[in-house]
Amino acid sequence: MTAVLTRSATSVALDGVVKDFGKTRVLHELSLEIRAGEFVSLLGPSGCGKTTALRLIAGLEDPTAGAIRMNGEDVTHLPTNRRDIGMVFQSYSLFPHLNALDNTRFGLDMRKVAKEQAKAMALESLELVGLGGLAERYPHELSGGQQQRVALARALVTSPKVLLLDEPLSALDARVRVQLREEIGRIQKELGITTIFVTHDQEEALAISDRVAVMHAGRIEQIGTPEELYLTPATPEVAAFVGMSSMVPAIVHSGTATIWGQLVPVVGGSPDGEYRAFVRPENVHIAGPGQAGAAATIETSVFLGSFRRTEARLESGEVVSLQHPADLRLERGASVRLVIEPMPVVVTSARG
Ligand code: ATP
């Protein structure tokens, strides 16, 4: 276990934070409590305000209203260099003329840490991110994933109280992205450092976070564990953004939806009426003998290793995705009947 990189964990709270740029309000009374040592992702589509929220926590922007606290202390007007945070951005942002070691020790040199001690701390930080052997390499001699590891080592070397990560994986190819996100998860747990991670990639957020805050149009729609968000999305926006779903017609009566002639529980309360329901692919099946279900025609069926993902068009026109074992082969144009598992569904207005 590292000695210099250890620091007791810090909670972070946003309390009714508002941010206006000119006449445009981009954050609407954002409130969020992040526990000490927790890994929380801010997830949402482009432009929903994730980066702005992170920059406010970093002290790179001033809120229009509201407060930001760290361990209960009001830091709303504290400059960035006094907030004790480490940051990693999407672009590698390394100094091209400094090698990995000198890039990593930069923050220590700025703080006038003694030369030998700074070198030892930087090497330890590089070791932590798996780059112990590449300390002499310059950025152009490192892959994108390795450069992001150096950026992470540099952010961690000063033992910050909070680590802020702004889409740090989005410039990397898929395989490296998965490797590095697993590394980030391991390092975060090892150090116990409170971490806030901004991403628009829902799989990334679900895979790495203790909790995820789903943002939409400057507001937090829901915050919860990955399981809570996936299984019981609180709003149509969360259902649509987290995980894959199809929209199918549903009639709600006394809190229960009828979909394809079957009764399915509804998340939250909705008045009686016609809706569209979000249905997960793993909850749709091909009807067995004696089961009724909805008539549909197979459009595509793709082999994905351990399962197949199939798209079927209902007679009412909607295309429904289903996921099933790879040994069930479904030909394009085949007539099938679809049934649904009675898992709770989110419903939204029948129009729009
Ligand atoms: P992305 O994933 O595309 O980075 P985001 O969710 O991080 O999106 P923000 O970068 O926080 O979104 O931007 C939120 C809104 O605020 C956007 O509409 C953006 O155009 C606007 N915005 C951000 N920074 C500024 C600025 N300095 N001046 C004016 N408007 C800004």
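Numbering of ligands and ligand atoms starts at 1, following listing order. Keep in mind that what you see is a predicted model, and the values were worked out from it rather than measured. As a basis for the values below, the full set of heavy atoms in this structure was taken, side chains included, without hydrogen atoms, waters or symmetry mates.
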Mind checking whether Val26 contacts ligand 1 via backbone (N, CA, C, O), side chain (CB onward), both or neither, at a 4.0 Å heavy-atom cut-off?
side chain
Is atom 19 (C) of ligand 1 in close reach of the protein, with a heavy atom under 4.0 Å away?
no
For atom 6 (O) of ligand 1, is the nearest protein heavy atom closer than 4.0 Å?
yes
Nearest 0.5 Å, what's the CD-NZ distance between Glu167 and Lys50?
5.5 Å
Does one side chain, of Glu311 or Ser321, offer a donor that lies under 3.5 Å from an acceptor on the other?
yes
Using a 4.0 Å cutoff against the non-hydrogen atoms of [X], which atoms of ligand 1 qualify?
X	answer
Thr51	4 (O), 5 (P), 7 (O), 10 (O), 11 (O)
Thr52	9 (P), 11 (O), 13 (O), 14 (C)
Pro45	6 (O)

Sidechain-backbone polar pair: [X] side chain, [Y] backbone, donor-acceptor under 3.5 Å:
X	Y	value
Asp15	Gly66	no
Thr104	Ala100	yes
Arg337	Ala292	yes

Is there any N or O on Glu61 that sits under 3.5 Å from an N or O of ligand 1?
no
Quick check: does His200 get an N/O under 3.5 Å from an N/O on ligand 1?
no
Note the single closest protein heavy atom to [atom], along with its residue, its atom name and the distance in Å.
atom	value
atom 2 (O) of ligand 1	Lys50 NZ, 3.0 Å
atom 25 (C) of ligand 1	Phe21 CE1, 3.4 Å
atom 14 (C) of ligand 1	Gly47 O, 3.5 Å
atom 3 (O) of ligand 1	Ser46 OG, 2.6 Å

For Gly44 and ligand 1, answer yes if some heavy atom of the residue is under 4.0 Å from a ligand atom, otherwise no.
no
Salt bridge (charged side-chain N to carboxylate O under 4.0 Å, His left out) evaluation trace for Asp74 with Arg69
CA-CA 4 Å; Asp74 191 334; Arg69 298 194 181 82; 5.0 Å; no
For Ser245 and Val279, what are the C-alpha separation, side-chain angles and deciding distance, and is it a side chain to side chain contact (heavy atoms under 4.5 Å, CB included)?
CA-CA 5 Å; Ser245 17; Val279 173; 5.7 Å; no
Step by step, would you call Leu56 with Leu14 a side chain to side chain contact (heavy atoms under 4.5 Å, CB included)?
CA-CA 9 Å; Leu56 286 163; Leu14 271 64; 5.9 Å; no
Taking Arg82 as the fixed residue, which of Ile85, Thr80, Leu78, Asp84 is the one that meets the side-chain contact (heavy atoms from CB on, under 4.5 Å) rule?
Leu78
